[in-house]
There are 2 protein chains.
Amino acid sequence: MASHAQVSVTAVSKVLNNAYGVSPAMKNKVKTAIEELGYRPQAVARGMRGRTFTLGLVLPHIRNPFFADILDGLTAYLETTDYQAFMIQGGATRKVEQRAVDALLSRQVDGIIMVAPLASKARLEEVAKEKPVVVLARHERSPHYDSVFDDDEAGAELVVRHLIELGHRRIAHITHQDDSIARSADLLHSIRSAAYERVMREHGLEDEIAIATSFYHEQGGYDGARELLRRAPRPTAIFAGADQAALGALAAAHEAGLSVPADVSVAGYDNTHLAALPNISLTSIDQDGHEMGRAAGKLLLERIEGRRTPVRFTVTPTLVVRASTAAPR
Amino acid sequence: MASHAQVSVTAVSKVLNNAYGVSPAMKNKVKTAIEELGYRPQAVARGMRGRTFTLGLVLPHIRNPFFADILDGLTAYLETTDYQAFMIQGGATRKVEQRAVDALLSRQVDGIIMVAPLASKARLEEVAKEKPVVVLARHERSPHYDSVFDDDEAGAELVVRHLIELGHRRIAHITHQDDSIARSADLLHSIRSAAYERVMREHGLEDEIAIATSFYHEQGGYDGARELLRRAPRPTAIFAGADQAALGALAAAHEAGLSVPADVSVAGYDNTHLAALPNISLTSIDQDGHEMGRAAGKLLLERIEGRRTPVRFTVTPTLVVRASTAAPR
DNA sequence: TTGAAAGCGCTAACAC
DNA sequence: GTGTTAGCGCTTTCAA
């Protein structure tokens, strides 16, 4: 490359990093050569001295369409930068997640975004000691990494209040259980669940509290709802902590011969685009994943540029009422 | 690291690569030191001389749960190896896809798996000239890369025959249109679409052929089905080329006040786990994505190890009949 | 403003 | 069986 342009490798490097001390003429010469050769700098070699211009995005899995919104937001933001994000699946256990993070670290990514990680705060801080970290969907306050999350407390409250206002009293909840050892107050599903309990209590419905502990996926929602719908008296509404679970709850209701919302109302969380389909028409909470992904990218780059003070970015959830919830009969 | 173990860096390298010429004693010494230090070899530095032990998986997007099956199969296979796969979104245009591939190439991945790529065969071969490539879900025969796909011709035929055997004659189809400039005979959606037409003809139903060209996603299926259901006479069955589109078709049917399968039968392709939910219960084609991901990983590693002869791995699709299809009334 | 040269952490060729 | 050494393609001093 350098020889083709008849300049030094240093010059090429400087142009690539638009560093100080290159004449416009030199810059042009190099840029022309880059074009002509279709030259692509080896991120790997750059990484030996400095940055790889690579970010890691650790997703628990890729089955939740909400994650796609986050990814799209991140990608859109990075488009204007030299950085590229690679995704890796964190999986269902801390061990697998740790392996994914190690894989990223050993490949010298410049920073890591972790979505709803299972790792403890202490573990995340260890990672943050090596590379800049932004954590999505967890609420703890760490001096060593940034956080991006929606106000799950408020979101869950919106759903439960909505159901109560419709006249429901026997409102059940499906929550998620995972391998995490983080404080429950920092985990989104625990927060949603706790908010559900709190609002129920505040309305004198403590005796109606009914929680199925399952998983935030279709099968989990199905299992959870089956269990809840077998109880007597049967709940008249189910708040599933995530749309994916709500889809399973709708399936369970259908299978039990119950019609939604006439026999049982169902609400979710995340407002995935499936929720908007007319035959599903699921009441849900919207939390702008695109914006969250975008913010995560921005914060991570800031940290890579040297920021050390922690930032917390929150998104305000909004209730989207659809046909899956109505007054009980 | 080497100094801590009191051995040469060469020894460490040899142990890491379990290469020829290290005594068991040396091996132990090094392994102990690795443990003690929590040493993680820098893939980036290894990559300067040889391999990065990193594979790239280019997915069009992460909204199709079928891709998650592929990823799981690939991950399961790689677990027994030293390789790690990173995902990157290929997007909806050739340009964005090319950028993703370039990002992978400039990061020196050892090989690339492309799922349903938009690029031309010639372009894929150029990439394959730089790094080993395995292409999923395309049918062309290239001497320079391996292919993994299901027999879309057979799969589509299974669906259409099934509908015909139920007694349907006005069977419509929803197909996908993308930015690809590959030969249509190599694109899965074109193959499914062509097989639909062929089987219709073979049964003397050429006059009933009705195709909506849209997209393999929920909105696409919805739009396509709306268009088809407005036609007079209305089709009694819709074969959507993918489950994601079928979900949209179910929504459109619902919205039009049509009940499934009484008024209109709907079938999909991919047998995503959503299809199995009781309230959706979508007839679909299963094509073992897990096995496809696994095979792709295996073939790619073989190529990295030096294989030059192309391999084509095909999966046999099977029909899964559920409640969304029935005899017309 | 420019380029020569050192060195990032490894691997591979080679000498011991 | 073991260690020494020369790079891999960049970035970053540092002289010119």
Side-chain angles (χ1 to χ4, degrees), chain A residues 1-34 36-54 82-84 102-110 130-131 304-306, chain B residues 1-34 36-54 82-84 102-110 130-131 304-306:
Chain A
M1 161 68 208
S3 63
H4 179 273
Q6 312 205 353
V7 296
S8 69
V9 287
T10 310
V12 179
S13 173
K14 281 184 180 167
V15 171
L16 247 34
N17 296 281
N18 43 48
Y20 208 64
V22 261
S23 64
M26 171 68 81
K27 200 163 176 174
N28 263 323
K29 202 153 75 170
V30 173
K31 287 207 162 173
T32 312
I34 288 180
E36 283 176 16
L37 295 168
Y39 167 79
R40 231 188 281 115
Q42 292 205 23
V44 135
R46 305 178 84 175
M48 298 234 43
R49 299 286 302 174
R51 305 182 184 172
T52 54
F53 295 93
T54 309
D82 290 332
Y83 288 83
Q84 266 291 340
D102 282 340
L104 252 16
L105 252 17
S106 82
R107 266 103 186 151
Q108 305 291 106
V109 294
D110 296 332
E130 286 201 57
K131 292 287 171 187
I304 292 173
E305 299 296 342
Chain B
M1 159 69 210
S3 63
H4 179 271
Q6 312 204 351
V7 295
S8 69
V9 287
T10 310
V12 179
S13 173
K14 281 186 178 167
V15 172
L16 247 34
N17 296 284
N18 43 46
Y20 211 62
V22 260
S23 63
M26 170 69 79
K27 199 163 177 174
N28 263 322
K29 205 154 72 170
V30 173
K31 287 208 163 173
T32 312
I34 288 180
E36 283 175 15
L37 295 167
Y39 167 80
R40 232 189 280 115
Q42 292 206 24
V44 135
R46 304 177 87 175
M48 297 237 41
R49 296 292 300 176
R51 306 179 185 176
T52 55
F53 294 93
T54 309
D82 290 330
Y83 288 83
Q84 268 290 340
D102 282 340
L104 254 15
L105 251 19
S106 82
R107 267 95 184 159
Q108 305 290 109
V109 294
D110 297 332
E130 285 200 58
K131 293 287 172 188
I304 291 172
E305 298 298 341

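To find a chain, count down the sequence lines: A is the first, B the second, and so on, and within it residues start at 1.
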**OP:** Only counting residues at least two apart or in another chain, list the ones meeting salt bridge (charged side-chain N to carboxylate O under 4.0 Å, His left out) with A:Glu36.
**Re:** none

**OP:** Can you pull out how bent the helix from C:dT1-D:dA16 to C:dC16-D:dG1 is, comparing the axes over its first five and last five pairs, to 10°?
**Re:** 40°

Subject >> Partners passing side chain to side chain contact (heavy atoms under 4.5 Å, CB included) against B:Ile304 (at least two apart in sequence or in another chain) >> reply: B:Arg51, B:Leu55, B:Tyr83, B:Asp110, B:Pro132, B:Leu300, B:Leu301

**OP:** Could you list by number each residue of residues 24-33 of chain A showing a heavy-atom separation from DNA chain D of less than 4.0 Å, or answer none if no residue does?
**Re:** none

Subject >> Any donor-acceptor N or O pair under 3.5 Å, side chains A:Thr54, B:Arg107 >> reply: yes

Original post:
What residues form a salt bridge (charged side-chain N to carboxylate O under 4.0 Å, His left out) with B:Asp82, not counting sequence neighbours?
Top reply: none

**OP:** Please list, in 5' to 3' order, the outermost nucleotides of DNA chain C lying under 4.0 Å from any heavy atom of chain B.
**Re:** C:dG9 to C:dA13

**OP:** Would you classify A:Val22 as touching base, sugar-phosphate or nothing, given that sugar-phosphate means primed atoms plus P, OP1 and OP2, and contacts are heavy atoms under 4.0 Å?
**Re:** sugar-phosphate

Subject >> Pairs touching residues 39-50 of chain A that satisfy salt bridge (charged side-chain N to carboxylate O under 4.0 Å, His left out), sequence neighbours left out >> reply: A:Arg40-B:Asp102, A:Arg40-B:Glu130

Please set out all donor-acceptor pairs under 3.5 angstrom arising from side-chain atoms of residues 21-33 of chain A, sequence neighbours excluded.
from    : atom 1 : to      : atom 2 : distance (Å)
A:Ser23 : OG     : A:Met26 : N      : 3.2
A:Thr32 : OG1    : A:Asn28 : O      : 2.6

Original post:
Hey, is CD on A:Gln6 packed in by over 12 heavy atoms from elsewhere, all under 6.0 Å?
Top reply: no

**OP:** Going 5' to 3' through nucleotides 10-16 of chain D, assign each nucleotide B (protein heavy atom under 4.0 Å from a base atom), S (under 4.0 Å only from sugar-phosphate atoms) or - (no protein heavy atom that close).
**Re:** BBB----

Subject >> Main-chain N/O of B:Ser8 paired to B:Thr10 side chain as donor or acceptor, under 3.5 Å >> reply: no

Subject >> All side-chain hydrogen bond (donor to acceptor under 3.5 Å, both in side chains) counterparts of B:Gln84, not counting sequence neighbours >> reply: none

Original post:
CG of A:Leu16 to OH of A:Tyr39: how many Å apart, nearest 0.5 Å?
Top reply: 5.5 Å

